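Fair warning: this is a prediction, and the values are worked out from it, not measured in the lab. Read the numbers this way: they start at 1 and go in the same order the structure lists the ligands and their atoms.
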Amino acid sequence: MAIDRMAVIGGGQMGSGIAQVAAQAGVEVIIADASPDLAKKAVDRLAATLAKLVEKGKLSAADRDAVAGRIKAARSLEDCAGADLAIEAIVENEGVKKDLFKKLDGLLAPHALLASNTSSISITALAASTRRAEKFIGMHFMNPPPVMQLIEIIRGLQTSDETYATVMALAKRFGKTTVTSKDVPGFIVNRVLIPLINEACFALQEGLATPEDIDTGVKLGLNHPMGPLTLADFIGLDTCLYIAEVLHRELGDDKYRPAALLRQYVAAGWYGRKTGRGFYKYA
Ligand code: CAA
Ligand code: NAD
């Protein structure tokens with residue numbers, strides 16, 4: 001099945017990046033958020049990103065206009081009804097995601113596919129909130145989606161071969177590389193990444209070193225583009241904690257227990273870059 005029209009629900013850092021990737025590949029995209037204002041803000045931020053790419057000489061003005069012309073803001077979830085594929089990138093909370101998928105299931109045409117960009121939550125469980133579990137799949141983009149090469153594809157228990165093939169073809173159209181994971185909490189990338197970030201939090205909590213030295217140690221010592229605490233601030237400490245909680249609860253092993261320091265920062269509203277403070281302060 002060809003995907004000509006996509007809905008992206010959640011216009012935060014991931015949703016807006018996914019919308020950009022899709023629009024640059026020629027797909028018509030509509031972005032919905034918790035309010036029409038938030039959806040419009042996401043589209044405005046995307047326009048600014050595209051303008052920067054033109055300034056840098058990475059996109060022509062004509063291509064910017066064409067890409068921007070393919071991205072619209074939804075006034076309500078109902079505006080997404082015409083999509084061939086709806087991908088969800090809202091808060092990492094199973095109950096909130098299930099409520100959304102139930103609504104989307106009632107809204108979209110029978111042929112339409114549903115995908116989640118969840119970092120850790122069971123695709124099978126999310127699919128069970130709909131009556132189209134065979135048309136449901138995990139499509140996990142990496143942050144920032146326009147720059148990162150990988151999309152992790154997760155098949156739920158009931159995902160059909162046709163749905164899998166359609167989404168694999170779409171990822172190829174986006175110019176991305178895919179890996180396919182079983183539907184086990186955290187999938188491949190976050191099963192490995194979140195324990196690394198959590199361990200860096202434990203190290204900081206124990207006073208092993210300063211945040212800067214922990215980050216520089218990993219960045220230069222292991223040749224990572226960012227140290228783990230900088231990366232956690234970039235992902236969002238709220239999202240890191242939600243993922244760590246899913247790994248701990250669902251895999252049932254105490255080695256995944258979130259560091260108290262991570263919980264404390266999230267309780268303080270220190271979510272990282274998006275709130276101006278996490279392990280570091282941002283202007
Ligand atoms: N569209 C297209 N290109 C963009 C862009 C966009 N929206 N935003 C940035 N770019 C381009 C820039 O133009 C720049 O290109 P040039 O180098 O050719 O000029 C390039 O991307 C890098 O951008 P910056 O110069 O702004 O920044 P940087 O060099 O410091 O790199 C980074 C930033 C790519 C984020 C890099 O630090 C990095 O790779 N960090 C690690 C990211 C990572 O690990 N992501 C995965 C997180 S885990 C996850 O996502 C899963 C989960 O569920 C939590
Ligand atoms: P974010 O906080 O930047 O954005 C979330 C957006 O969803 C916000 O705009 C919010 O207003 C909106 N939203 C929340 N509840 C909603 C609802 N019920 N209906 C409509 N919109 C709603 O979060 P993010 O970092 O973009 O993460 C979104 C999803 O992507 C999460 O599931 C996260 O685990 C996953 N993810 C995040 C990263 C990352 O590095 N941040 C990477 C890959 C996947």
Closest to atom 19 (O) of ligand 1 (judged by heavy-atom distance), picking from K56, Q24, R45, Q20
K56

For P146, the ligand 1 atoms whose distance to one of its heavy atoms is below 4.0 Å:
1 (N), 2 (C), 6 (C), 7 (N)

Ligand-residue contact atoms, ligand 1 with L193, heavy atoms, under 4.0 Å
48 (S)

Carboxylate-amine/guanidinium proximity below 4.0 Å for D79 and K72
no

Heavy atoms, side chains only, cut-off 4.5 Å: are L251 and R191 in contact?
yes

In the protein, which heavy atom is nearest to atom 2 (O) of ligand 2, and how far is it?
K274 NZ, 3.2 Å

Closest heavy-atom pair and its distance - D215, G227
OD1-C, 3.0 Å

Look at ligand 1 and say whether K52 reaches it with a heavy atom at a distance under 4.0 Å.
no

Quick note on ligand 2: atoms under 4.0 Å from a heavy atom of I235 include exactly 39 (C), 40 (O), 41 (N)

Note the single closest protein heavy atom to atom 50 (O) of ligand 1, along with its residue, its atom name and the distance in Å.
N143 N, 2.8 Å

Any idea which atoms of ligand 2 are less than 4.0 Å away from a heavy-atom of K97?
31 (C), 32 (O)

Out of A89, A232, S116, whose heavy atom is nearest to atom 28 (C) of ligand 2?
A89

Closest contact, heavy atoms only, K176 versus M148:
NZ-O, 2.7 Å

Distance filter under 4.0 Å to T49 heavy atoms, resulting ligand 1 atoms
7 (N)

Could you list the atoms of ligand 2 found under 4.0 angstrom from a heavy atom of T239?
33 (C), 34 (O)

Mark up the atoms of ligand 2 that fall under 4.0 Å of a heavy atom belonging to N143, in ascending order.
39 (C), 40 (O), 41 (N)

Taking atom 26 (O) of ligand 2 as the reference point, the nearest protein heavy atom with its distance:
M14 N, 2.9 Å

Fit a plane to each ring of F141 and F174, take the angle between them on a 0 to 90° scale, and name the class: parallel (under 30°), tilted (30 to 60°) or perpendicular (over 60°).
tilted

Heavy-atom protein contact below 4.0 Å for atom 28 (P) of ligand 1
no

Closest approach of any protein heavy atom to atom 33 (C) of ligand 2, naming residue and atom
S119 OG, 3.5 Å

Examine the proximity of ligand 2 to I243 and report which part, side chain or backbone, both or neither, has a heavy atom under 4.0 Å away.
neither

Would you say the side-chain atoms of S181 pair up with the backbone N or O of I154, donor to acceptor, closer than 3.5 Å?
no

In ligand 2, which numbered atoms sit nearer than 4.0 Å to a non-hydrogen atom of H140?
43 (C), 44 (C)

V147 near ligand 1, heavy-atom distance under 4.0 Å?
yes

State, yes or no, whether a side-chain contact exists between V218 and E199 at a heavy-atom distance under 4.5 Å.
no

Result of checking V246, I121, T118 against E94 for side chain to side chain contact (heavy atoms under 4.5 Å, CB included):
I121

Nearest option to atom 43 (C) of ligand 1, as decided by whichever heavy atom of M142, M148, Q13 sits closest
M148

On a heavy-atom basis, which atom in P258 and which in R263 lie closest, and how many Å separate them?
CG-NH2, 3.5 Å

L231 and ligand 1 - part of the residue with a heavy-atom distance under 4.0 Å:
side chain

Please confirm whether G236 approaches ligand 2 to less than 4.0 Å, judged on its heavy atoms.
no

Which ligand 2 atoms, with their elements, are less than 4.0 angstrom from a heavy-atom of V96?
18 (N)

Closer than 4.0 Å to some heavy atom of Q13 - which atoms of ligand 2 meet that?
3 (O), 24 (P), 25 (O), 26 (O), 41 (N)

Look at atom 11 (O) of ligand 2 and say which protein heavy atom is nearest, naming residue and atom and giving the distance to 0.1 Å.
D33 OD1, 2.6 Å

Mind checking whether H140 contacts ligand 1 via backbone (N, CA, C, O), side chain (CB onward), both or neither, at a 4.0 Å heavy-atom cut-off?
side chain

Give the numbers and elements of all ligand 2 atoms closer than 4.0 Å to a heavy atom of G12.
3 (O), 4 (O), 6 (C), 9 (O), 26 (O)

Under-4.0 Å heavy-atom contact with ligand 1, by part of N190 that carries it:
side chain

Is there a donor-acceptor contact under 3.5 Å linking the side chains of N190 and S120?
no

For F101 and F136, take the angle between the two ring planes, folded into 0 to 90°, and tell me which bin it lands in: parallel under 30, tilted 30 to 60, perpendicular over 60.
perpendicular

Nearest neighbour of atom 32 (O) of ligand 2 from the list M139, E88, E92, on a heavy-atom basis:
E92

For atom 21 (N) of ligand 2, what's the nearest protein heavy-atom neighbour? Residue, atom name and distance, please.
A34 N, 3.3 Å

Among I9, T275, I90, closest by heavy atom to atom 31 (C) of ligand 2 is I90

Any idea which heavy atoms bring V27 and R70 closest together, and the distance?
O-CD, 3.6 Å

Does even one non-hydrogen atom of L100 get within less than 4.0 Å of ligand 2?
no

Pairwise side-chain contact, Y280 with E212, heavy-atom cut-off 4.5 Å (strictly under)
yes

min-distance protein heavy atom vs atom 30 (O) of ligand 2 -> N117 ND2, 3.0 Å

Neighbour count >12 (heavy atoms, 6.0 Å) for atom NZ, K274
yes

